[in-house]
Amino acid sequence: MTLTLEAMRADIARLTDLEPQEIGNDDHLPDLGLDSLRLMQLVTAWEQAGLKIDFSVFAESATLGEWWAEISRQQAAR
């Protein structure tokens, strides 16, 4: 699976009842309503779609930009 930044933003928006354009790369996602249960739902959906990344990347970082940096690094390494 190749995940895009905009697809990630749209998935987060759907779970937090926001519009994708309301989510900035540096916004603190828990402040936007992405709690641990929603985070697990999000990561599980991405894993089921084929994303192979350690959950700790998502748990240790709190912004979309941080997540995207790690995911894009891993996708480029394939």
**Request:** Could you tell me whether the side chain of Glu66 and the main chain of Thr63 form a donor-acceptor pair under 3.5 Å?
**Result:** yes
**Prompt:** Any side-chain heavy-atom pair from Leu15 and Leu39 closer than 4.5 angstrom?
**Reply:** no
**Prompt:** Does Trp67 have any ring-ring contact (aromatic ring centres under 6.0 Å, His included) partners at least two apart in sequence or in another chain, and if so, which?
**Reply:** Phe58
**Request:** Applying side chain to side chain donor-acceptor pair (under 3.5 Å), run through Ser72 and Gln75 and close with a yes or a no.
**Result:** CA-CA 5 Å; Ser72 61; Gln75 289 182 151; over 6 Å; no
Name each donor-acceptor pair under 3.5 Å that joins a side chain in residues 16-23 to protein atoms two or more places apart or in another chain, with its distance.
residue: Thr16; atom: OG1; partner: Ile12; partner atom: O; Å: 2.8
residue: Thr16; atom: OG1; partner: Ala13; partner atom: O; Å: 3.4
residue: Glu22; atom: OE1; partner: Glu19; partner atom: N; Å: 2.6

**Prompt:** Got a second to check how far Trp46's CH2 is from Ile53's CD1, nearest 0.5 Å?
**Reply:** 9.0 Å
**Request:** Mind listing the closest non-hydrogen atom pair of Pro30 and Ala62 along with its distance?
**Result:** CD-O, 3.9 Å
**Asked** How about Gln41 and Thr44: does a side-chain donor come under 3.5 Å of a side-chain acceptor?
**Response** no
**Prompt:** With Ala7, which residues qualify under side chain to side chain contact (heavy atoms under 4.5 Å, CB included), at least two apart?
**Reply:** Leu3, Thr4
**Residue pairs, two or more places apart or on separate chains, that pass salt bridge (charged side-chain N to carboxylate O under 4.0 Å, His left out) and touch residues 49-60** = none
**Request:** State the CG-CG distance between Leu64 and Asp26, to the nearest 0.5 angstrom.
**Result:** 9.0 Å
**Asked** With sequence neighbours left out, which residue pairs that include part of residues 67-76 fulfil the salt bridge (charged side-chain N to carboxylate O under 4.0 Å, His left out) condition?
**Response** Glu70-Arg73
**Item:** Pairs flagged by salt bridge (charged side-chain N to carboxylate O under 4.0 Å, His left out) wherever residues 27-40 is involved - sequence neighbours left out
**Value:** Asp35-Arg38
**Asked** Hey, does Met40 have a side-chain heavy atom less than 4.5 Å from the side chain of Phe55?
**Response** yes
